[in-house]
Amino acid sequence: MAGSNVQQKIAEVLEGMTFPAYMNNVDSTKISTPVLTDIDSVRQWLEDLRWMTETECMTVLQGKSIQTDDGDSLPSPVRNTKEHIRMVRKRAHIITAECAKLFHKLDKERWKKVHSNALRITCTIRALLHDISAHSPNLAIDVFQQQQVVMEECAQLIKHVESIGEINGEKPQKLPMVHSLTCLGQAFTRLIDKVLAHEVRTIVEGVSDSPSAYCIKASITSLVGVAQGEPQMCHLIVKEGGVRALFTICRQDTANFVKSQALRAVATLCSVPEAIAEVEKVDGVGCLTDILCDPLATEATRTEVAGVLAQITSPMLDHYRHVSGFIENMEDLLRGLIGLCESATSPEVFFLGSAAIANITFLDSMAAEFLARYQVARVLITTSVRLKVNSIFIKDQLCTVLANVAMLEQCREDIIRCNGLSVLVGFLHERPQYNRQQTERVACERVQQKAAIALARLCKDISTATVVKQLKGLQRLVELCRKPKERNYSDSVLVACLATLRKLASVCGEDEFSQEDLIQLVQPRLIDSYLICSSLQESFV
C-alpha cells in the first residue's frame, strides 16, 4: 500500500514538469528520469551563476597592478626604489611650491586663505610621511627622528594658524607664522635628503653587492636613470659611494659584461665636482688607462672610456681643474685614444675619441709631443674623410686638435700632406643655420674661429699660403670679416679672421688684396680694423 502511494506521488510530480521538445514524441511507456538541467529553475540558477562568477573574476583582475614599461626589465627591489625616488621628489617639489605660495599669502596678509593652505600643506606632508614609512619600514633611526621633527613643526604651524583672528582690533601677528613655516621648510628639506640618501644607498648596494649579473646591470641602469640631469642626485650617489662601487666593477676581469654600463654611469656622475674628486681618490685615471689600452677590450667599452675622459677634462665645466693621474698616464691615454679614432666604425665613436684628445691638448704642453709622435693629424683627417663626418660638433673637436698641434713642425707637415688645408678651408665655409638650435650655431662659430687660427699657424711659407688662396680661403676670410651674419655676429671669429689675413699678407705680400681690403682689414691696427668691421651694418633694402 505504501509503495503504491510513493509511485502515485512520483507520477504527480512528473506530470507537473516541463520536458524539452525532443522528448514530446517519445512513447509514454518509455519515459526515463529527467536531467536536472532540464528543469527551469535549475537552468536559471546556472545562468545567474555564470554572470556572478564573471563579475568576480573581473573584480580580481582589476585589483592587480600593471607594471610600467620602463620597469619590466628591473628586479622588484631596484624598480621599486627607482620609482619611489621619483615619487618622493615629485611630491616634495609640490609641497615646496605650496610652501612658497603660503609665504606669498602671509606677505600679502591674505589671512582668509592662510588657514586652508596651511592645513593642506600639513596634510600633504603627513600623507607623504605615511607612504615613505610604508615603502621603507626599516629606515634608519635618524630618519625616524627627523620625521618626528617635521610632525612637530607641522603641529606648531597649525597652532599659529588656528590663532588667526583680530584681537582688540589688531591684525594677526605675521612674524611667528613666518618663522614656523621657515622651520618646517628646513626640517622637511633635511628629511627628504635623508630619505633620498637611504634610497640611493639601496641602489648603490645593488651595484656592489648583487649576487647576479642581471641584478648588477639593472642596478646600474637604475642609477643612471636617477642621476641623469639631476645634480642633487649625483651628489647623493657620490656621497653614498657610487663612484667607488662602479670602479670596483670596472677593475674586475669577470665583469666585462657590464663595464660599458658602469663607465657610462661614471661619465654621468662626473658632471659634479665631487665625482671627479672621487675618481682621483680611487685612481680612476689609471683604471681608465688600463681598459683603454687593453687589446681585448671591445670598441664599445673603449668608447665609454673616451666619454669619461672627455667629461672629466672638459674645459666647459665650471669646476675645471687638472685631475691627478693624467700626466703620469698621458702617453698611454693618447695612444689609446688615437687608436680608437683610427679604427672607429661610426661617427659617434670618432666624436668621443676626438673630444677626449681635444680636451687633453689643453692640459699640458707635453701632450702635443705625444700627438706628433702618434701622427694624430693624419689619423683624424683620414678617419673623418672615411666616415664622411657631417656633424658640426665633430668638426669642432677636429678643428680644436688641428689648431693646437699646428704649431709643431711635424704635425704641420702631416696636416699639409694629408690635405688638411682643404679640410680647414672647408670648415671656414661652414655657415650658421638660423633654423637650427643655438648650440649648433655656437659650435659653427667655434669651427670658423679655430679653422682661421689653424690656417694662420700653418701659413709660414709662401707655398702654403698660395694653396690657401687657391682654395678661396682668402676670399672667405674677407667675407667673414665684412658680413657679420656669416659669422653669426661673432667678434671672436672676426678677430681670428683679421689675424689670419694679416699673416697671409705678410707671407704672400699685399698685392693679393684689393685696395679696399688693404685699407680696412690689413694696414690699420688690429683694434682699428676690428672697430671698422664690427660697426658694419648689413643693408636690408
Side-chain angles (χ1 to χ4, degrees), residues 62-68 71 76-165 172-203 222 226 230 232-233 235-237 239-240:
Q62 289 173 356
K64 290 183 177 293
S65 61
I66 300 176
Q67 294 181 342
T68 57
S76 181
V78 176
R79 181 176 65 251
N80 292 341
T81 300
K82 181 180 177 181
E83 294 173 353
H84 186 61
I85 289 175
R86 290 176 178 173
M87 182 274 293
V88 170
R89 298 192 70 212
K90 181 178 179 180
R91 291 171 64 175
H93 179 73
I94 294 173
I95 291 171
T96 303
E98 289 294 326
C99 288
K101 292 179 182 178
L102 184 55
F103 270 119
H104 181 71
K105 288 180 173 59
L106 284 172
D107 184 54
K108 298 297 183 180
E109 297 184 355
R110 298 175 181 173
W111 304 112
K112 292 182 179 180
K113 294 186 177 181
V114 166
H115 185 273
S116 60
N117 279 32
L119 287 177
R120 183 166 62 250
I121 289 172
T122 55
C123 290
T124 307
I125 290 176
R126 289 191 180 98
L128 177 58
L129 298 187
H130 176 270
D131 292 343
I132 290 173
S133 299
H135 178 270
S136 304
N138 298 322
L139 288 171
I141 186 64
D142 62 323
V143 181
F144 283 114
Q145 291 175 347
Q146 191 62 34
Q147 284 183 332
Q148 286 298 117
V149 173
V150 171
M151 294 298 290
E152 290 172 4
E153 294 295 342
C154 286
Q156 192 69 19
L157 176 64
I158 294 301
K159 179 180 178 181
H160 286 297
V161 170
E162 293 289 349
S163 64
I164 291 179
Q173 294 184 353
K174 180 170 61 175
L175 187 60
M177 282 182 281
V178 171
H179 177 72
S180 179
L181 183 58
T182 302
C183 293
L184 173 59
Q186 294 173 346
F188 180 72
T189 299
R190 287 192 292 269
L191 172 63
I192 294 302
D193 288 341
K194 289 178 181 293
V195 171
L196 293 177
H198 176 272
E199 300 301 329
V200 165
R201 196 176 305 123
T202 301
I203 298 178
S222 180
V226 169
E230 298 291 346
Q232 179 194 7
M233 299 309 300
H235 288 301
L236 288 176
I237 293 170
K239 184 178 178 181
E240 296 301 327

Of all heavy-atom pairs between [X] and [Y], which one has the smallest distance, and what is that distance?
X    : Y    : value
V226 : M233 : CG1-CE, 3.4 Å
S222 : I203 : OG-CD1, 3.6 Å
I158 : L119 : CD1-CD2, 3.5 Å
L129 : Q147 : O-NE2, 3.9 Å
A187 : V150 : O-CG2, 3.6 Å

| task | Take atom NZ of K239 as the centre, draw a 6.0 Å sphere, and report whether it contains more than 12 heavy atoms from other residues, nucleotides or ligands. | result | no
| request: Measure from the side-chain N and O atoms of S133 to the backbone N and O of H130, and report whether any donor-acceptor pair falls under 3.5 Å. | output: no
Do [X] and [Y] have side chains that approach each other closer than 4.5 Å (heavy atoms only, starting at C-beta)?
X    : Y    : result
L128 : M87  : yes
I121 : F188 : no
L184 : I125 : yes
R89  : I192 : no
K105 : N117 : yes
D131 : R91  : yes
H84  : I132 : yes
H198 : L139 : yes

| request: Let me see the working for C183 and Q156 under side chain to side chain contact (heavy atoms under 4.5 Å, CB included), right down to the final yes or no. | output: CA-CA 10 Å; C183 293; Q156 192 69 19; over 6 Å; no
| said: How long is the straight-line distance from CG of L102 back to NZ of K113, given to the nearest 0.5 Å? | reply: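 Between K113 NZ and L102 CG, I get 12.5 Å after rounding to 0.5 Å.
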| query | Could you give the distance from CG (L181) to CE (M177), rounded to the nearest 0.5 Å? | reply |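 One gets 10.0 Å once the value is rounded to the nearest 0.5 Å.
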| message | Quick test of your reading of the model: are K101 and E98 salt-bridged, counting only N-O distances below 4.0 Å? | response |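 Between E98 and K101 there is a salt bridge, with a charged N closer than 4.0 Å to a carboxylate O.
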| Do E162 and H115 pass the side chain to side chain contact (heavy atoms under 4.5 Å, CB included) test, and can you show the C-alpha distance, the side-chain angles, and the key distance before you say yes or no? | CA-CA 7 Å; E162 293 289 349; H115 185 273; 3.2 Å; yes
| said: Please evaluate residues Q146 and D142 with respect to the criterion side chain to side chain contact (heavy atoms under 4.5 Å, CB included), reporting the C-alpha separation (whole Å), side-chain torsions for both, the decisive distance (0.1 Å), and the verdict. | reply: CA-CA 6 Å; Q146 191 62 34; D142 62 323; over 6 Å; no
| Under the side-chain hydrogen bond (donor to acceptor under 3.5 Å, both in side chains) rule, what pairs show up with a residue in residues 175-186, not counting sequence neighbours? | none
| Full working for side chain to side chain contact (heavy atoms under 4.5 Å, CB included) between L196 and Q232 | CA-CA 10 Å; L196 293 177; Q232 179 194 7; 4.0 Å; yes
